[in-house]
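What follows is one structure encoded as structure tokens, with my remarks underneath.
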Amino acid sequence: MPPTDQHTANDTHGAPPAADARLTAFHWGLYRAAGTPAAPQLLPDAGDPAPSLIGEGMLEAYRSPLRVLRPAARAGWLARLRDPARAAADDDRPRRGAEEFVELEWDEALDLAARELSRVRGEYGNAAIFGGSYGWSSAGRFHHAQSQVHRFLNCFGGYVRHVDSYSLGAGRALLPHVVMDMDELMASHSDWNVLAAHTRLFVAFGGVPAKNAQVAAGGALEHRLRPALAALAAAGCRFVNFSPVADNLDAPAHAVEWIPIRPNTDTAVMLALAHTLIAEGRHDEDFLARHCVGFERWRAYLFGADDGVAKDAEWAAALSGVPAARLRALAAEMAATRCLINCAWALQRAEHGEQPFWATIALAAVLGQIGLPGGGFGLAYGALNQMGSPHARVPGPTLPQGRNGVDAFIPVARLTDMLERPGEPFDYNGKRQPYPHIRLVYWAGGNPFHHHQDLNRLVRAWKRPQTVIAHEQFWNAHARMADLVLPATAAPERDDIAFATREPVLAATRRIVEPPGQARDDYAIFAALAERLGIAEAFTEGRDAAAWLAHLYGEAAQRAAERGSRWPAYAEFRAAGRLDLREIEAQAPVLLLADFRRNPTAHPLPTPSGRIELHSATVAGFGYADCPGHPVWREPGEWLGAAAARQYPLHLISDQPATRLHSQLDHGPASRASKIAGREPIHLNPADAAARGIADGDLVRVHNARGACLAGARLDAAVMPGVARLSTGAWYDPLRPGAHDPANLDKHGNPNVLTRDVGSSRLGQGCTAHTCLVEVERHAGPVPELSAFDPPRRMG
Ligand SMILES: Nc1nc2c(c(=O)[nH]1)N[C@H]1C(S)=C(S)[C@@H](COP(=O)(O)OP(=O)(O)OC[C@H]3O[C@@H](n4cnc5c(=O)[nH]c(N)nc54)[C@H](O)[C@@H]3O)O[C@H]1N2
Ligand SMILES: Nc1nc2c(c(=O)[nH]1)N[C@H]1C(S)=C(S)[C@@H](COP(=O)(O)OP(=O)(O)OC[C@H]3O[C@@H](n4cnc5c(=O)[nH]c(N)nc54)[C@H](O)[C@@H]3O)O[C@H]1N2
Ligand SMILES: [Mo]
């Protein structure tokens, strides 16, 4: 039976489930329903060794008055849709973000959405619809909003998509030229047990933060990072952490040496370590000759052939602030023991972000320990829970997305450029193509007003499309910037299958609370639209949500059977609540690039040469000055060594937040407990604070030429002088909603009003949030009230 317009009742499969089977999953973990129906609670699953802080008290957030309860339309857009003749007389788009919302019946909301989709397709074609719709949304594999929206738009004829991710834009584009595709690389990282047994020196660039390993896409169901780091330390491993902050390597303190480093200068340090190793004859000539191409070319660069500058320890010390003597000594230590080099993803979320990844691999190649147990490199342990997991890589249930009839795409972080520059060409990974002209934006399961850089620019660009449709759970900035907001259910309100790669269990999650108001599953919304657009059969294939779950599980079980692993029947799985994959999926210890090391001819890499490319003829052939054919140091547009640092002398690190997932649950108890007078904390070195007359707990204004926000000062010796840390995720809360001038103060502390919106290079075009200078001052004058957590005014 295809779903109808009414909220499709999720199946409960007869008898109520046993209490221990009432599971629900989030990216930050697996939870069990407890409490009473009147006062439900979510408790971390008993099997989780270290439950996440993010989930504490979260049901409160899912029940909050900030939920979108009914479909709602921006007043000016609604007037236009109801009376298209108005469109010519009154351009309502500049009022996007500033107008009231009018609540609608579902039928009218769906009719309007379907009509607008058809109109835009008819007048401009499918390539006028942007459905990239980037974002994490929620953990279930069926109710995964991005898969749903992409499948729906594909059935409708296609849409402009995005490639790569905010996480790894530069890295994903680069790595296939150098070693292998990023997904393959992540999946083949040596596991923690291998590291504990062999690694004796762990050199980290950007730490190994337990706060980040709280999550995995699909659910971190067994949090293992802290125990893993403790095991390494207990086995005698030492950690050296190059980082602007001291508190991001969560091994026992006695085992960790912190080396403060100016942000965005890590590549220079890596080049200098390689230079030192080669100059002292400690490089592995055999490995470089048999397993790599381009070493001679790169060595020439390191020794100054291109620019007369030797990339030695003194040179790197001047750029990075790391003493040259420490670099020389460390190079010797690295060569003398089993050493792993880890580079956090954050480092490639910067201008020239391709370089730290490439230089990490090149430095590891010079050491020659790649493919040996516990040696080589990591990209990156700590970024997500699955990195270093000892569990099997099992293909899980996946909703097929179908085929996209539109070829046009953008690198994901070029969103504002696309909206502002239709028809203009952009470069990406050896290709040049025009930005499409977008008339309609459809978004489900992501928050561009969380994730994008230079939000003032985005607000301006966001007023260009004729229509913006969003499925949202909450009245956050993303919903407030839309024309039509369709209320979506949340994980505890749906049956689903929770699964993340290399986690030990597959969980049958359940609806444990009723959806608030008239919220519907994304699937039900798309199914109802598909009905109106005549594509219901293609989109639903005649299945309701319960039938899809059984179908997707069945497909995954079939693939399991093909590799000789027997999964129980679907009904049995749902009744049990979970499937322990450890018992049925075989897993040998993973050892990154061991086969390739043993025999590079029999096990070539998927690069053009089959070997690690220290110089890539392909990349060199693109002719990009900002990403030439081998790892290089290039000065970013903003850093502590730039002229701009005289006006804006602090380098802003907008790292991932410890108390939430991006913007998700910012209004929840764990995140709110971390705020200072309701504002996001900004961590400042005590000396920098003293120089500005700032005391702990003061309200400060953080600003640069792009924007300004309020934040609460936290004096913190774990932040090096010259650096300010303001984590991402505070809900964007501008003083004047919908305005986009740099003086439009964000009252809450969202770092993306400050960050730069330029690509990492023409190769990757990745997000460069970590290349950003700011100034901080005590906030003077009246304190504007926070409004991020007040629902907007709606009319009936
Ligand atoms: N300055 C700076 N900016 C950054 C970064 C940085 O390091 N610094 N990091 C970047 C990175 S790596 C990433 S991945 C991005 C993350 O950016 P996003 O993934 O866009 O951030 P989220 O807050 O997770 O957004 C998810 C949204 O989906 C909604 N949602 C959740 N579940 C559902 C659902 O089932 N259905 C629907 N319809 N909606 C749902 C939530 O309410 C929320 O608004 O941010 C990027 N931005
Ligand atoms: N709790 C929580 N965990 C998360 C997320 C979340 O929102 N909340 N998001 C998840 C997502 S989508 C992703 S992609 C990963 C991201 O994983 P990462 O990108 O690695 O995470 P970040 O926290 O942004 O940065 C890691 C560390 O790098 C440091 N750093 C920043 N710039 C530099 C630099 O130039 N040099 C050096 N040496 N260090 C630098 C920062 O101080 C920070 O401590 O995290 C995931 N984990
Ligand atoms: Mo990410």
Side-chain angles (χ1 to χ4, degrees), residues 26-28 52-54 133-140 143-146 148-149 165-169 204-217 220 241-245 247-249 259-266 269 343-350 356 380 382-385 412-413 443-453 470-474 476-479 486-491 493-494 521-522 525 636 639 651-666 719 723 725-729 731 750-752 754-755 767 769-772:
F26 304 87
H27 295 298
W28 47 92
S52 160
L53 167 69
I54 301 173
S133 188
Y134 178 85
W136 269 60
S137 73
S138 53
H143 294 290
H144 178 244
Q146 268 214 58
Q148 293 285 351
V149 66
S165 62
Y166 279 81
S167 321
L168 284 164
F205 292 87
V208 188
K211 71 171 175 69
N212 287 9
Q214 287 180 96
V215 308
N241 185 20
F242 289 97
S243 176
V245 302
D247 58 358
N248 62 1
L249 205 160
I259 304 187
I261 183 170
R262 283 188 196 125
N264 291 197
T265 66
D266 304 76
V269 163
C343 178
W345 295 356
L347 275 69
Q348 54 82 66
R349 219 172 294 119
L384 294 168
N385 193 48
V412 67
W443 215 292
N447 180 354
F449 290 88
H450 158 72
H451 65 231
H452 199 62
Q453 286 57 62
H471 296 190
E472 248 305 340
Q473 299 167 336
F474 297 103
N476 55 16
H478 171 49
L486 301 176
T489 54
E493 297 145 17
R494 322 184 271 236
D521 298 347
D522 294 291
I525 299 171
W639 66 298
H651 195 119
L652 183 76
I653 295 294
S654 49
D655 65 340
Q656 308 291 357
T659 54
R660 54 188 176 255
L661 175 65
H662 315 130
S663 70
Q664 296 191 50
L665 297 186
D666 184 38
V719 173
V723 167
R725 175 158 73 81
L726 177 64
S727 297
T728 62
W731 284 10
N750 185 319
N752 278 328
L754 303 158
T755 51
C767 152
H770 284 300
T771 299
C772 178

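Note: hydrogens, waters and symmetry copies are ignored here, and every other heavy atom, side chains too, is used. Counting starts at 1 for both ligands and their atoms, in listed order.
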Handout entry: Contact with ligand 1 for His144, non-hydrogen, under 4.0 angstrom
Key = no

Practice task
Check whether any N or O atom of Thr265, backbone or side chain, sits under 3.5 Å from an N or O atom of ligand 2, and answer yes or no.
Solution key: no

Handout entry: Geometric N/O contact Pro657 with ligand 2, under 3.5 angstrom
Key = yes

Handout entry: Pair Thr771-Arg349, side-chain hydrogen bond (donor to acceptor under 3.5 Å, both in side chains): steps then yes or no
Key = CA-CA 8 Å; Thr771 299; Arg349 219 172 294 119; over 6 Å; no

Handout entry: Distance-only donor-acceptor check, side chains Asp666 and Ser663, under 3.5 Å
Key = no

Handout entry: Contacts of type side chain to side chain donor-acceptor pair (under 3.5 Å), residue His144, not counting sequence neighbours
Key = Ser147

Problem - Close approach, Arg494 and ligand 1, non-hydrogen under 4.0 angstrom - result: yes

Handout entry: Proximity flag Trp345 to ligand 1, non-hydrogen atoms under 4.0 Å
Key = no

Handout entry: N/O separation below 3.5 Å, Arg660 to ligand 2
Key = yes

Handout entry: ligand 1 contact by Glu472, heavy-atom criterion under 4.0 angstrom
Key = yes

Handout entry: Close N or O approach (Trp136, ligand 2; < 3.5 Å)
Key = no

Handout entry: Minimum non-hydrogen distance to atom 33 (C) of ligand 1, winning option of Arg349, His27, Glu493, Gln473
Key = Gln473

Problem - Contact (N/O only, under 3.5 Å) between Ser654 and ligand 2 - result: no

Problem - Listed partners of Arg725 passing salt bridge (Lys or Arg N to Asp or Glu O under 4.0 Å), at least two apart - result: Asp247, Asp655

Practice task
May I ask you to check whether Ala344 has an N/O atom sitting below 3.5 Å from an N/O atom of ligand 2?
Solution key: no

Exercise for the section: Using a 4.0 Å heavy-atom cut-off, say whether Asp522 meets ligand 1 through its side chain, its backbone, both or neither. Expected result: side chain

Exercise for the section: Could you tell me whether Gln656 and ligand 2 have an N or O pair separated by under 3.5 Å? Expected result: yes

Practice task
Starting from atom 21 (O) of ligand 2, locate the nearest protein heavy atom and write down its residue, its atom name and how far away it is, to 0.1 Å.
Solution key: Asn212 ND2, 2.7 Å

